[in-house]
Engineer: 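Have a look at this one.
Note on naming: letters A, B, ... go to the chains in the order of the sequence lines (proteins, then strands), and numbering restarts at 1 for each one. What's counted below: heavy atoms across the whole structure, side chains too, no hydrogens, waters or symmetry copies.
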Amino acid sequence: MSDASNYPENAPRPDSARPDPPRYTPAEIEPRWQEKWAANPALYRAEPAGTAKPKYYVLEMLPYPSGQLHMGHVRNYSIGDALARYMWMQGYNVLHPMGWDAFGLPAENAALKNNTPPREWTLKNIVAMKRQMQRLGLAYDWANEVTTCLPDYYRWNQWFFLRMYERGLVYRKQSKVNWCNLCATVLANEQVVDGCCWRHEDTLVEQRNLEQWFYRITAYADELLEGLDKLEGWPEKVRTMQRNWIGRSEGTEVDFTLAGDASEKIRVFTTRVDTIFGATSVQLAPEHALVAKLSANNPALKAEVEGLLEQQKQAREAGDIGAIEKHGVPTGAFAVNPYSGEQVPIWVANYILADYGTGAIMSVPGHDERDFEFATKYGLEIRRVIAQADPAAEEPALPFCNEDGVLVNSGEFDGLSCTAAEKKLQEIAAAGSFGEAKVTFRLKDWGVSRQRYWGTPIPMINCPVDGLVPVPDEQLPVLLPEQIAITQQGGSPLSRVPEFLNTTCPRCGGAATRETDTMDTFVDSSWYFYRYTDAKNDKAPFDPAVAQYWFPIDQYIGGVEHAILHLIYSRFFTKMMRDLGLITNAEPATRLFTQGMVIKDGAKMSKSKGNVVSPDDMVTRYGADSTRMYALFAAPPDRDLDWQEDGVAGISRFLARVWRLVTRFAQVARTAEPGGTVGPVAEGLLRKLHQTIAKMTQDFGGRWHFNTSIAAIMELVNELTAAEASLGSGEVPASVVRELLTSLTLLLAPFAPFLSAELWAELGETSEILRAPWPVSNPELARENEIEIPVQVNGKLRSVVKVHAEADRATIEAAALADGKVQEWLGGKAPLKTIIVPGKLVNLVVK
RNA sequence: GCCCGGAUGGCGAAAUCGGCAGACGCAGCGGACUUAAAAUCCGCAGGCCGCAAGGCCGUGGGGGUUCAAGUCCCCCUCCGGGCACCA
């Protein structure tokens, strides 16, 4: 493991004539501790439930094992590791696990390219990345490592699938799906970004019709939405994104009937049923069932509808449906308004979506922006049916979309408020069986089928006699065959593996075939953090009692890019698992932290831009401690971080100063006798120390602005270095030197684990610093005696006076007025107004 | 279009409750040590004027509140992110 020759900047110079003074050599220190820690994995192991310590579950999002950590990972894990180490030092029973999101397409692509089986490629990458993590000194409990591509994990994906199937939370249907040609598979709605594949930003997603498996996430739509209000430990941004994604909308469904055929109903969804007397047309999505009927004997109409559909499809694929130019065609048919009996024309329009609401709307141009635009374009009637509640007010121009008006031109409903009218119209519709109040969601069920090889096989069997038959639990796991030829052919690769495909029906024993699609890999990451609590369990996904102890996660840390994908699926799984009786918590994590991106030269690091900084390279040159600490120092963790290598060098210099300081006086500290006279220098240093402890403790508990925590340690070290002469001379008693140096080392421990472990031993400590108690700030020692108070004249800083920290107003005022510079600026005049903020400032106002 | 962030020295940033703007670090400049360099240490360092003492200006722009505004209020610009015919 030791590779000192790779650290050129710190390597001893063989050509030196004089012996060099000892130096800080991470190249020597870090591998030594790595080996020590690797030999003692129990160090990072959580204690079982039942310990007297309070529990703390800190979790970082697990990586995809690409083979290389990137700086985003380093930042994410440095934050989590600092927190975990701090909580250990605060006496908590900490669970800090790590694992691998190991299924997924890159393994198949690599297999094609290098002729390496996906499993082999993936496991090799895991070994490499785990080594990188250990090199960084990340304190993970590897005893509960989770690797999602191994059967002992994915069998539980299958087990959950079967439990959900039993409860009607899994179903299969033919549906229009998002298809990425490069992935050669289906994508979930959440995986389509701007009309393109989330993995291939330049590849447009196509719409295809396929038979797919779905998870009924919509069964939890309301709970997923309501739960967000209680997730106060989650960033508001993430909660807003999820709210938008769920897209709950309260409204009314109403049946119009086809003029001339009252049995043909056209159900529309509207959030403004109060405006229904202003409906001057009904608009259908091009794929609406009635459109096919109306155009069956009308080739011209059919062709025009085809055109509209094509426009819609293109706009959707371009991800720019908002910019589509509205087009429509009249069908020639009419619909009957159930409230007024009025007949309005039925149109087909390209801006009506078949998969939202009922795929049909009533068009109210007077009170809806879009309908207004459309009606204006095609000369349809625009009618006012809502007026200002205040009769004296001037009537606003149409379209008037406020909901605080009253109904007009609406027959017997005239004069009702919008809200009252909505309620009444809903009641009438329900009583007449032609409509009802209805809640619609934007959230769709989660399509989990993937036509890929490297994923969890879906545990279903298709029997010519019995139809779809679930694989019985005792036959789990349905193993993924390992020796298969990866080709570029489309379709599910498993369908070309006869040993896998052909099986017997569990019900009738006859010949049958297996489902050959695999599961979306987001299934794997939806519940992995439960498995961490009991990763070796081969009877159940985990022991509910153990999960009960650890859950919910106290702090989850990861990138904001997972705000709606992983984080909504995880919440869904948690609710589903709760309903299975496995857990009692309704949400996976109490607190969520989303760290900013790591950028370089103002741009996201990417191979194509050639601005990628390799963590290994940084560690080789500056050491893991410097790399980690820079990741925390360069910016607050929630903001984007611009990686500047000079900054890493700066941290490295700082750590070298700490190393020199502590090693220089370690002997004094080690042999210190208690007591000694604390003079002004020692008092000053102790004050700074205890102020620093207070600040850091506050930072860990609250804002997590580790950049300022580290700056505070630097200030402390600056003061200690400036007082070096006093540390050695005995002016500062050895007992105080000891307190200063041990506390400094402890404060550094969450950020620079290698150096602090080294210095801890250097100071004669034999315990593990990870379990040493976090220092406690003594307010008596931290208090300032004398402070400087700025004095302003007319709001401008003119002088500074020194007063006792607790000086009262009168004392401060007297000191300010006695100051020579202040007197000059007052010019002999008495202040008209005197503002004194004790401990803060004085402002004297003169004319 | 709507909803969130953000804009502070040459650069990354700090100012946590309206109270000394620029802590801490990077880069830079000057000095010490050295034959020389590296490393290290000491010092300077927002802009403008000034030999200096000192003064004036300064937190994206414009207005306002206040004894006092980076911080609060109103309007605007730019950058980043999310959502967007969702009826």
Side-chain angles (χ1 to χ4, degrees), chain A residues 9-10 13 16 20-21 23 235-238 240-241 243-245 247 249 251 268-272 283 285 312 315 319-326 349-353 355-364 368-371 373-374 440-442 560-561 563-564 596-597 599 602 630 633-636 638-651 653-654 656-657 660 695 698-699 702-703 705 707-715 717-718 721-722 724 788-800 821 831-835 837 839-846:
Chain A
E9 319 229 330
N10 292 298
R13 294 178 309 115
S16 171
D20 274 311
R23 303 169 156 251
E236 192 52 52
K237 180 185 170 136
V238 171
T240 304
M241 283 166 73
R243 275 191 201 103
N244 288 342
W245 188 260
S249 174
V268 304
F269 175 70
T270 176
T271 53
R272 292 296 305 276
Q283 303 284 342
Q312 190 176 79
D320 205 13
I321 203 157
I324 190 177
E325 164 97 26
K326 288 184 182 57
N350 64 355
Y351 71 99
I352 307 302
L353 308 172
D355 58 0
Y356 183 79
T358 58
I361 64 153
M362 61 179 203
S363 177
V364 185
D368 182 281
E369 300 271 0
R370 297 154 303 182
D371 295 344
E373 186 190 334
F374 190 84
T440 297
F441 292 94
R442 209 189 80 118
V560 73
E561 65 273 17
I564 43 180
M597 278 191 311
I599 57 179
Y630 175 72
F633 177 69
D638 51 336
R639 289 247 288 261
D640 285 352
L641 182 158
D642 194 61
W643 194 270
Q644 295 184 2
E645 196 172 325
D646 285 340
V648 190
I651 293 288
R653 275 197 294 273
F654 167 70
R657 287 176 65 206
R660 283 195 300 271
K695 183 187 165 27
Q698 201 189 347
D699 277 347
R703 317 192 295 163
H705 278 202
N707 52 331
T708 60
S709 306
I710 294 169
I713 301 179
M714 287 173 170
E715 285 188 49
V717 170
N718 287 348
T721 311
E724 266 192 36
E788 292 190 332
I789 302 234
V791 183
Q792 299 178 337
V793 177
N794 288 338
K796 292 200 174 180
L797 180 71
R798 295 306 180 188
S799 188
V800 174
K821 274 187 238 155
L832 292 174
K833 192 165 182 179
T834 305
I835 287 108
V837 186
K840 288 282 188 194
L841 114 168
V842 175
N843 189 6
L844 304 170
V845 184
V846 288

Engineer: Check whether any side-chain N or O of A/Ser249 sits under 4.0 Å from OP1 or OP2 of B/rA87, and answer yes or no.
Structural biologist: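 Result: yes.
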Engineer: Of the nucleotides B/rC4, B/rG12, B/rA13, which one has an atom closest to the side chain of A/Phe633?
Structural biologist: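 Of the options given, the side chain of A/Phe633 lies nearest B/rG12.
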Engineer: Given that both distances must come in under 3.5 Å, which nucleotide forms a Watson-Crick or G-U wobble pair with B/rG54?
Structural biologist: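 In the structure as shown, B/rG54 has B/rC49 as its Watson-Crick or wobble partner.
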Engineer: Rounded off to whole Å, could you give me the CD1-to-C1' distance for the A/Ile564 and B/rC83 pair?
Structural biologist: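 The distance from CD1 of A/Ile564 to C1' of B/rC83 comes to 9 Å, rounded to the nearest Å.
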Engineer: Tell me whether A/Lys326 forms a cation-pi arrangement with A/Tyr351, defined as NZ or CZ under 6.0 Å from the six-membered ring centre and within 45 degrees of its axis.
Structural biologist: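 Judged by the rule, A/Lys326 and A/Tyr351 form a cation-pi pair.
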Engineer: Establish, with yes or no, whether the OP1 or OP2 oxygen of B/rA14 is under 4.0 angstrom from a side-chain nitrogen or oxygen of A/Arg639.
Structural biologist: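 Yes, because at least one side-chain N or O of A/Arg639 sits under 4.0 Å from OP1 or OP2 of B/rA14.
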Engineer: Can you check the A/Met241 CE to B/rG82 C1' distance for me, whole Å?
Structural biologist: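 Rounding to the nearest Å, CE of A/Met241 and C1' of B/rG82 are 5 Å apart.
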Engineer: Measure from NZ on A/Lys840 to P on B/rA68 and round the result to the nearest Å.
Structural biologist: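 Taking atom P of B/rA68 as the reference, NZ of A/Lys840 is at 19 Å.
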Engineer: Just name whichever nucleotide pairs with B/rA38, Watson-Crick or G-U, keeping both distances under 3.5 Å, else none.
Structural biologist: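 Check on B/rA38: unpaired, no WC or wobble geometry under 3.5 Å.
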Engineer: Of the listed nucleotides (B/rG25, B/rA39, B/rC85), which one gets closest to any side-chain atom of A/Arg23?
Structural biologist: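 Given the options B/rG25, B/rA39, B/rC85, the side chain of A/Arg23 is closest to B/rA39.
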Engineer: Going by modelled atom types, is there a donor-acceptor pair between the base of B/rC83 and the side chain of A/Asn244 at under 3.5 Å?
Structural biologist: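 Check fails, no donor-acceptor contact within cut-off.
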Engineer: If I take atom CD1 in residue A/Ile710 and atom P in nucleotide B/rC24, what distance separates them, rounded to the nearest angstrom?
Structural biologist: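 Atom CD1 in A/Ile710 sits about 15 Å away from atom P in B/rC24.
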Engineer: Can a donor-acceptor pair under 3.5 Å be found between the side-chain atoms of A/Lys833 and the base atoms of B/rC67?
Structural biologist: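 For A/Lys833, whose side chain was compared with the base of B/rC67, there is no donor-acceptor pair (under 3.5 Å).
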